[in-house]
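Counting convention: from 1, in listed order, for ligands and their atoms alike.
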Amino acid sequence: MSGVILPGALAGGQPATLGVMGGGQLGRMFVHAAQAMGYFTAVLDPDPNSPAGLAAHFHIRTDYLDPHGLEQLIQRSAAITTEFENVPAPALQGLAAQRWVAPGAEAVAVAQDRAREKAHFVRCGVPVAPYALIETPEQLAAVEGGLLPGILKTARMGYDGKGQLRVATRAELAAAWGELNQVPCVLEKMLPLAAECSVIVARGADGAMVNFPAQRNLHRGGILAVTEVYEGNLPDALAQRAVAATRAIAEGLNYVGVLCVEFFVLEDGSLVVNEMAPRPHNSGHYTIDACDCSQFDLQVRTLAGLPLAQPRQHSPAIMLNLLGDLWFDAQGQPITPAWREVLALPGVHLHLYGKLGARPGRKMGHLSITGASVDVVKVTALRVADLLGLEAF
Ligand code: ATP
Ligand code: MG
């Protein structure tokens with residue numbers, strides 16, 4: 001069971017250390033939030049240049065299943081969280097035997113597996129896209145034609161549209177499953193999307209839960225490109241349904257930590273749940289600059305057993321993702337994005353993750369744009385997009 005891990009220096013010693021499995025940008029922003037409150041931080045990630053490892057007090061550079069690395073993380077940390085959902089379940093179970101770990105291994109295991117995840121959504125009474133599980137050639141042959149055209153997704157280890165293939169016919173489906181090495185997959189019917197949205201909640205060990213407003217998300221090529229959060233970004237009733245569904249999904253898992261649920265809004269106005277992430281989410285990065293308590297602050301609070309105050313968004317916000325493509329011109333020559341021009345605009349907050357080496361499609365950072373009104377934020381965000389050569393939205 002969790003205890004309370006108070007921030008700041010302990011009498012006669014150093015502050016408590018909060019640990020995190022994984023060294024990506026989400027871990028880095030967790031580390032920043034934890035440090036702002038006076039905690040020490042420890043990161044386990046094999047990459048010597050991992051974004052979170054570079055920012056943490058302690059960087060344990062081992063594989064996620066290395067017993068010595070895990071032991072070091074236990075010795076360092078008063079409590080441990082994760083920053084990516086593919087952390088091996090046995091590693092989390094081993095940590096949980098000796099330290100408070102949130103979210104728990106069981107909730108992470110459900111989120112790691114699209115089939116288990118969908119079963120959980122259905123149990124919670126939240127509709128999912130029509131789908132079929134494909135683990136055997138017999139299941140492949142038995143797929144109903146109504147699921148085509150569809151998207152074949154690996155049941156495990158997918159992110160940013162990786163491990164997904166769009167298929168229109170049975171022949172394409174069979175070829176796609178072969179291309180994915182016949183690993184367990186789900187075939188989802190391709191739905192007519194009017195929009196996409198997500199909701200982030202934080203739930204404490206005592207069951208207290210708070211949420212951020214529903215975020216409207218635009219994806220390009222399977223990767224989040226733009227998040228817009230302000231009054232009127234989505235119809236009110238729809239936003240309320242998405243928040244209620246996310247709360248039910250967290251409650252049903254007895255979840256502790258920050259959880260994001262992604263939804264599809266269909267052309268007929270109905271809401272379908274897509275997937276969940278057992279951690280802070282890219283669509284919640286705006287909370288750092290536009291809310292009085294960010295998703296990472298809440299991750300720290302859930303881990304340390306501190307009270308969860310309902311966050312308040314104090315400014316309308318638009319978040320633009322910065323992918324590695326921005327570091328190359330049309331001829332593929334390396335360039336530096338126009339930061340000086342972008343930062344000259346009021347209300348622009350630049351976050352770069354300290355990644356060495358830009359690659360197309362790699363998440364290098366994001367910009368949050370805030371302002372006094374929705375109109376100001378929209379105008380500034382479009383100006384920023386233009387300066388950086390990002391597609392308008
Ligand atoms: P993430 O980076 O969010 O973990 P992922 O790789 O797990 O992404 P999904 O969220 O499953 O991928 O899909 C990525 C995007 O592809 C969705 O946000 C949506 O735009 C589109 N998409 C996925 N499934 C469907 C569907 N059944 N019908 C229509 N569009 C879909
Ligand atoms: Mg997704």
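- Of the options Glu196, Arg166, Lys153, the smallest heavy-atom separation from atom 11 (O) of ligand 1 is shown by Lys153.
- Listed by number with element, the atoms of ligand 1 under 4.0 angstrom from any heavy atom of Glu262 are 3 (O), 10 (O).
- Remark: Gln98 pairs with no residue by the side-chain hydrogen bond (donor to acceptor under 3.5 Å, both in side chains) rule, at least two apart or across chains.
- Between the His351 side chain and the Gly365 main chain, no donor and acceptor come within less than 3.5 Å of each other.
- Close approach of ligand 1 to Ile151 is summarised as follows: ligand atoms under 4.0 Å from at least one heavy atom of the residue are 22 (N), 23 (C), 24 (N), 25 (C), 26 (C), 31 (C).
- The shortest N or O to N or O distance between Gly222 and ligand 1 is not under 3.5 Å.
- Contacts between Arg114 and ligand 1, counted as non-hydrogen atom pairs separated by less than 4.0 Å, involve the side chain only.
- Using a 4.0 Å cut-off to heavy atoms of His219, the atoms of ligand 1 that qualify are 18 (O), 20 (O).
- For the side chain to side chain contact (heavy atoms under 4.5 Å, CB included) with Met209, the lone residue among Val201, Leu259, Thr246 that qualifies is Val201.
- Considering only heavy atoms from C-beta on, Met319 comes within 4.5 Å of Leu224 through its side chain.
- Environment of CG in Asp268: crowded, with over 12 heavy atoms of neighbouring residues, nucleotides or ligands closer than 6.0 Å.
- For ligand 1, the polar-atom distance check finds no N/O of His281 at less than 3.5 Å from any of the ligand's N/O atoms.
- Listed by number with element, the atoms of ligand 1 under 4.0 angstrom from any heavy atom of Met190 are 28 (N), 29 (C).
- Contact annotation for Asn274 and ligand 1: only side-chain heavy atoms (C-beta onward) come within less than 4.0 Å of the ligand.
- Counting only distance, with no hydrogens or angles, the side chain of Arg76 and the backbone of Phe40 share no donor-acceptor pair below 3.5 Å.
- Checked against side chain to side chain contact (heavy atoms under 4.5 Å, CB included), Pro311 has the following partners two or more places apart in sequence or in another chain: Val210, Phe212, Asp292, Cys293, Leu298.
- Contacts between Leu193 and ligand 1 below 4.0 angstrom, taking non-hydrogen atoms only, involve the side chain exclusively.
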